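Below is one structure, written out as structure tokens; comments come after it.
These numbers come from a predicted model, not from an experiment. Residue numbers start from 1 in every chain, and the chains themselves are labelled A, B, ... in the order their sequence lines are given, proteins ahead of strands.
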There are 2 protein chains.
Amino acid sequence: MTTEARAPGRPPGLTGEDLLAVARDVFLERGYGGASMEEVARRARISKASLYREQPSKSALYEAVVRHWASAGRNAMRPALERLLAADDLRQGLADLAETMRFGILSEPVLAMRRLVTAEAVTQPEVARMYLEESWNANIRNLAEALQTVAARHGLQMDEADAAAADFTWLVIGAPLNARLLAGDVDASPVDRAVDLFLAGYRRRRAAR
Amino acid sequence: MTTEARAPGRPPGLTGEDLLAVARDVFLERGYGGASMEEVARRARISKASLYREQPSKSALYEAVVRHWASAGRNAMRPALERLLAADDLRQGLADLAETMRFGILSEPVLAMRRLVTAEAVTQPEVARMYLEESWNANIRNLAEALQTVAARHGLQMDEADAAAADFTWLVIGAPLNARLLAGDVDASPVDRAVDLFLAGYRRRRAAR
DNA sequence: CCTACCGATCGGTAGG
DNA sequence: CCTACCGATCGGTAGG
């Protein structure tokens with residue numbers, strides 16, 4: 001069979017979430033300004049008129065794309081956090097988590113989405129704020145919860161779990177994220193340094209202020 | 001006097017570094033795609049034809065702007081590092097340095113330049129790479145050198161000073177930089193947490209792998 | 001140094 | 001009659 005079966009009168013092109021996936025690819029490849037509604041329509045095999053009936057404007061399409069992406073990534077770390085909670089060796093568990101975080105956050109599509117949303121934060125701040133809250137802070141809070149559990153089990157001093165989750169995250173991905181965003185470099189530094197520094201800082205109560 | 005004295009035949013508008021400053025403002029306000037050569041020319045009080053005689057293309061103007069900025073920021077941290085080296089109290093010295101770093105890196109123009117260069121890293125990667133090397137990595141190396149000196153004086157264990165400088169930097173600015181880039185939030189968390197974690201990690205030799 | 005203008009393309013919408 | 005969709009073109013503006 002060379003043609004798909006389809007009901008008469010049904011649209012042959014993409015709509016709904018399939019359309020959002022196509023639009024996402026165009027935005028990630030070209031940036032907001034470089035993306036044209038015509039290319040989105042062409043790749044989705046629909047007319048521009050049909051595209052505008054699905055989304056009333058380019059900015060509305062952009063917001064829908066980011067919202068769908070953020071929703072999908074909201075609990076991206078959950079499996080890795082389950083593995084951390086199940087790990088006997090805390091240090092090894094944190095190192096595995098760190099590797100997973102690097103692999104995910106430094107992947108090309110995630111980097112491209114960060115570039116896109118950051119660049120458009122000036123003109124569409126509410127979209128950037130939604131992305132930060134739904135996609136990033138939600139994951140930080142999940143991480144904080146898991147860290148609090150393993151801290152209690154392994155006798156770590158962790159009064160402010162959210163801050164500790166941020167510390168861990170930025171020790172692990174700060175430098176390579178910066179390098180990849182700006183230069184595409186693949187960072188080769190082992191995660192063990194970050195994990196050791198984190199553990200050293202939280203193993204004993206830090207000096208009072 | 002209502003008019004400035006000027007030599008006959010001299011251009012009334014801006015050229016050279018003054019032109020780059022005007023172009024920088026336009027790029028930072030509008031982004032690369034949103035910046036028009038016409039607006040740059042208008043603000044510099046020159047014609048578009050004159051602008052194109054100074055810079056052969058929009059991308060050449062952009063590269064000149066970023067290069068000039070990076071060159072100016074290359075040793076931005078030097079005064080703060082001198083104060084660290086002169087500090088008696090290491091913890092207080094690091095806290096002061098951390099405040100200075102936050103104030104500088106999280107300032108609006110520096111954030112806007114980061115947004116701009118990051119967004120254009122896809123289409124003009126060599127400019128982004130130059131920015132990373134001249135403006136960021138140069139400062140990290142200056143910080144590493146200073147940290148090595150104070151580490152030796154205060155008995156810290158610091159085998160890889162570049163990595164330690166990156167650790168310190170991302171502990172101090174990672175979370176607030178992310179929040180400000182995406183949501184414009186002003187972070188209120190004290191720098192003391194980051195400094196204490198850093199010191200705890202480097203005060204004793206970390207566990208062998 | 002400027003006005004005028006080009007070929008191309010943008011986001012968005014018309015009639016049928 | 002309906003829904004889904006098309007070719008053509010609108011007014012403005014971009015880099016050059």
Side-chain angles (χ1 to χ4, degrees), chain A residues 3-20 22-66 116 119-120 122-124 126-127, chain B residues 3-16 18-20 22-66 116 119-120 122-124 127:
Chain A
T3 57
E4 294 174 320
R6 77 167 86 115
R10 291 292 300 281
L14 305 180
T15 57
E17 296 200 356
D18 294 333
L19 173 61
L20 291 186
V22 165
R24 177 201 65 210
D25 290 345
V26 177
F27 279 127
L28 294 187
E29 288 172 26
R30 316 269 190 208
Y32 185 84
S36 76
M37 296 295 270
E38 187 168 326
E39 179 168 7
V40 173
R42 180 162 27 87
R43 288 209 211 174
R45 299 189 304 278
I46 60 176
S47 68
K48 277 215 292 179
S50 300
L51 173 56
Y52 274 92
R53 202 155 32 73
E54 286 261 329
Q55 298 289 344
S57 67
K58 187 180 184 181
S59 62
L61 174 62
Y62 168 70
E63 180 178 343
V65 163
V66 176
L116 174 68
E120 292 311 303
V122 183
T123 49
Q124 307 201 53
E126 64 295 337
V127 175
Chain B
T3 57
E4 295 173 320
R6 78 167 86 115
R10 290 290 301 281
L14 305 179
T15 57
D18 295 333
L19 173 62
L20 292 185
V22 165
R24 177 202 64 209
D25 290 345
V26 177
F27 279 126
L28 293 187
E29 287 172 27
R30 316 271 190 205
Y32 185 84
S36 76
M37 295 295 269
E38 187 169 326
E39 180 168 6
V40 173
R42 180 163 27 87
R43 288 210 213 174
R45 299 189 303 279
I46 60 176
S47 67
K48 278 214 290 181
S50 301
L51 173 57
Y52 273 93
R53 199 160 35 74
E54 286 259 331
Q55 299 289 345
S57 67
K58 188 181 185 181
S59 62
L61 174 62
Y62 168 70
E63 180 178 344
V65 163
V66 176
L116 174 67
E120 291 310 303
V122 183
T123 47
Q124 306 201 54
V127 175

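Rounded to whole Å, atom C1' of D:dG16 lies 14 Å from atom CG of B:Leu61. Across the protein-nucleic acid pair, B:Glu54 atom CD and D:dG16 atom P stand 16 Å apart, rounded to whole Å. One interatomic measurement links the two molecules: CD1 of A:Ile46 to C1' of D:dC5, which rounds to 10 Å at whole-angstrom precision. Protein atom CZ of A:Phe27 is 12 Å distant from nucleotide atom C1' of C:dG11, rounded to whole Å. B:Arg42 has its CZ atom 13 Å from the P atom of C:dT3, to the nearest Å. If you take CG of A:Leu19 and P of D:dC5, they are 11 Å apart, rounded to a whole angstrom. Atom CD of B:Gln55 is separated from atom C1' of D:dG16 by 15 Å (rounded to the nearest Å). For the pair B:Glu39 CD and D:dT13 P, the computed distance is 13 Å after rounding to whole Å.
Scanning atom types as modelled, one donor and one acceptor separated by under 3.5 angstrom connect the side chain of B:Lys48 and the base of D:dG16.
The two residues A:Ser59 and A:Gln124 have their closest heavy-atom pair at CB-OE1, 3.6 Å.
The cationic group of A:Lys58 does not satisfy the cation-pi geometry with A:Phe27, failing either the under 6.0 Å distance to the six-membered ring centre or the 45° limit from the ring axis.
The existence of a salt bridge linking A:Glu39 and A:Arg43 is confirmed by a sub-4.0 Å separation between a basic side-chain nitrogen and an acidic carboxylate oxygen.
When the nearest nucleotides of DNA chain C are assigned to A:Ala49 and A:Tyr32 by heavy-atom distance, the more 5′-ward of the two goes with A:Tyr32.
Between A:Leu20 and the choices A:Val40, A:Val66, A:Val65, the side-chain contact (heavy atoms from CB on, under 4.5 Å) rule is met once, by A:Val65.
Checking C:dG11, D:dG15, D:dC5 against the side-chain heavy atoms of A:Arg53 singles out D:dC5 as nearest. The side chain of A:Lys58 lies closest to C:dG12 when the candidates are C:dG12, D:dG16, C:dC1. Counting only heavy atoms from C-beta on, A:Glu38 has its side chain closest to C:dC10 among D:dG16, C:dC2, C:dC10.
In this structure, B:Ala35 reaches the sugar-phosphate backbone alone: every heavy-atom distance under 4.0 Å involves primed, P, OP1 or OP2 atoms, never a base. Within 4.0 Å (heavy atoms only), A:Ser36 reaches sugar-phosphate atoms of the nucleic acid but no base atom.
The CZ atom of B:Arg53 sits 7.5 Å away from atom OG of B:Ser47, with the distance rounded to the nearest 0.5 Å.
Spacing of C1' atoms, C:dG12 relative to D:dA8, comes out at 13 Å, to the nearest Å.
The shortest distance between the side-chain N/O atoms of A:Ser47 and the OP1/OP2 oxygens of D:dC5 is not below 4.0 Å.
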